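To start, the structure under review is shown below, and the notes come after it.
Worth saying up front: this structure is predicted, and the values here are computed from it rather than measured. Below, all heavy atoms of this structure are taken into account, side chains as well, without hydrogens, waters or symmetry copies. Residues: numbered from 1 along the sequence shown.
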Amino acid sequence: MKLKQLESLLDQIQQFSNPKVELEQYPTGPHIASRMLYTAENSFGDVSGKIVADLGCGCGTLGAAAGLLGAEHVTGIDIDTESLEIASSNAEYLELEMDLVQCDVKNLGWRGQVVDTIVMNPPFGTRRKGADMEFLSAALKHASKAVYSLHKTSTRDHIKRAALRDYGAQSAEVLCQLRYDLPQLYKFHKRKEVDIAVDLWRFVPRSPQKNGV
């Protein structure tokens, strides 16, 4: 599937109708989602035929992109019931099979089949300090091949240091810098939209994990 086709399909799915500020719910736009998964597949072969999990899946955009690119199995994890309902509708619309699990990433207790690749657009940690690091820690515990994640460029040094020193990453590489179009979703937003510089990271766990899904 070509990049433009992937982006076009993702542009058709639903996003948050009632986003929750305490969960830092922001839509992962089709532009970023398509490039994130397209890079994971075409540069590293981490999607097609792989077991993929989308942590904090929200409306399921990243998981859907993985499914469209030929992932063998996709699981979306989110704490929010409403988000999972939208993700289920999106998977059905795109005729994709996706397991959806309601769970806090801090409490993941996966068993069984190994997860190859984890993709995620975690909270940036602006409303609740450290939320982004909870996601990164959980992802590196459960992925056997790679973790793809978006983080604010301003946190680049902190992310790399924590991944390598604290969370068991063998490598931590910024693949590219992207502009995250943040729409005016909440009352405290003063501007109609804001562009935030974000890094697309690829983390490789230090050793194969035994945890599965």
Straight-line distance of [X] [atom1] to [Y] [atom2], nearest 0.5 Å:
X: Thr117; Y: His142; atom1: OG1; atom2: NE2; result: 15.0 Å
X: Leu9; Y: Tyr93; atom1: CG; atom2: OH; result: 8.0 Å
X: Ser149; Y: Trp201; atom1: OG; atom2: CH2; result: 10.0 Å
X: Lys50; Y: Phe44; atom1: NZ; atom2: CZ; result: 13.0 Å
X: Lys160; Y: Asp199; atom1: NZ; atom2: CG; result: 11.0 Å
X: Asp132; Y: Leu136; atom1: CG; atom2: CG; result: 8.0 Å

Close side-chain approach of [X] and [Y], heavy atoms under 4.5 Å:
X: Met98; Y: Asn90; answer: no
X: Ile32; Y: Thr61; answer: no
X: Leu108; Y: Cys103; answer: yes
X: Phe203; Y: Ile118; answer: no
X: Ile51; Y: Val114; answer: no

Practice task
Please assess Asp116 against Ser144 for the test side chain to side chain contact (heavy atoms under 4.5 Å, CB included), listing each intermediate value before the final yes or no.
Solution key: CA-CA 5 Å; Asp116 298 307; Ser144 65; 3.6 Å; yes
What is the minimum heavy-atom distance between [X] and [Y], and which atoms define it?
X: Cys57; Y: Leu84; value: SG-CD2, 3.7 Å
X: Ser34; Y: Leu10; value: N-CD1, 3.8 Å
X: Leu140; Y: Ala169; value: CD1-CB, 4.0 Å
X: Gly58; Y: Ala87; value: O-CB, 3.7 Å
X: Ala40; Y: Val47; value: CB-CG2, 3.8 Å
X: Ala64; Y: Leu94; value: CB-CD1, 3.8 Å

Problem - Lys/Arg N to Asp/Glu carboxylate O, Arg202 vs Asp46, below 4.0 Å - result: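 Judged by the 4.0 Å cut-off on N to carboxylate O distance, Arg202 and Asp46 do form a salt bridge.
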Is a side-chain donor or acceptor of [X] paired with a backbone partner of [Y] at a separation under 3.5 angstrom?
X: Glu134; Y: Lys106; answer: no
X: Gln14; Y: Cys59; answer: no
X: Asp104; Y: Ile79; answer: no
X: Ser8; Y: Lys4; answer: no
X: Thr153; Y: Ala197; answer: yes
X: Arg206; Y: Leu164; answer: yes

Practice task
Check whether Ile196 and Leu178 end up in the same hydrophobic cluster, where Ile, Leu, Val, Met, Phe, Trp and Tyr are linked by side-chain heavy atoms less than 4.5 Å apart.
Solution key: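 As far as the 4.5 Å side-chain criterion goes, Leu178 and Ile196 are connected within one cluster.
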Handout entry: Hydrophobic cluster membership, Val204 vs Val119, 4.5 Å side-chain cutoff
Key =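 Hydrophobic grouping puts Val204 apart from Val119.
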Handout entry: Gln12, CD: over 12 other non-hydrogen atoms inside 6.0 angstrom
Key =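 Result for CD/Gln12: enclosed.
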Exercise for the section: State whether the number of non-hydrogen atoms from other residues, nucleotides or ligands found under 6.0 Å of Glu92 atom CD is greater than 12. Expected result: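 It does not: Glu92 CD has 12 such atoms or fewer within range.
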Exercise for the section: Decide yes or no on side chain to side chain contact (heavy atoms under 4.5 Å, CB included) for Met36 and Thr28, but give the supporting numbers first. Expected result: CA-CA 10 Å; Met36 188 172 173; Thr28 306; 5.7 Å; no
Practice task
For His31 and Glu7, run side chain to side chain contact (heavy atoms under 4.5 Å, CB included): C-alpha distance rounded to whole Å, both residues' side-chain angles, the deciding distance at 0.1 Å, then the answer.
Solution key: CA-CA 6 Å; His31 179 83; Glu7 183 174 354; 3.7 Å; yes
Practice task
I would like to know whether Met1 and Glu41 meet side chain to side chain contact (heavy atoms under 4.5 Å, CB included); could you show each step before the answer?
Solution key: CA-CA 11 Å; Met1 180 179 291; Glu41 172 56 23; over 6 Å; no
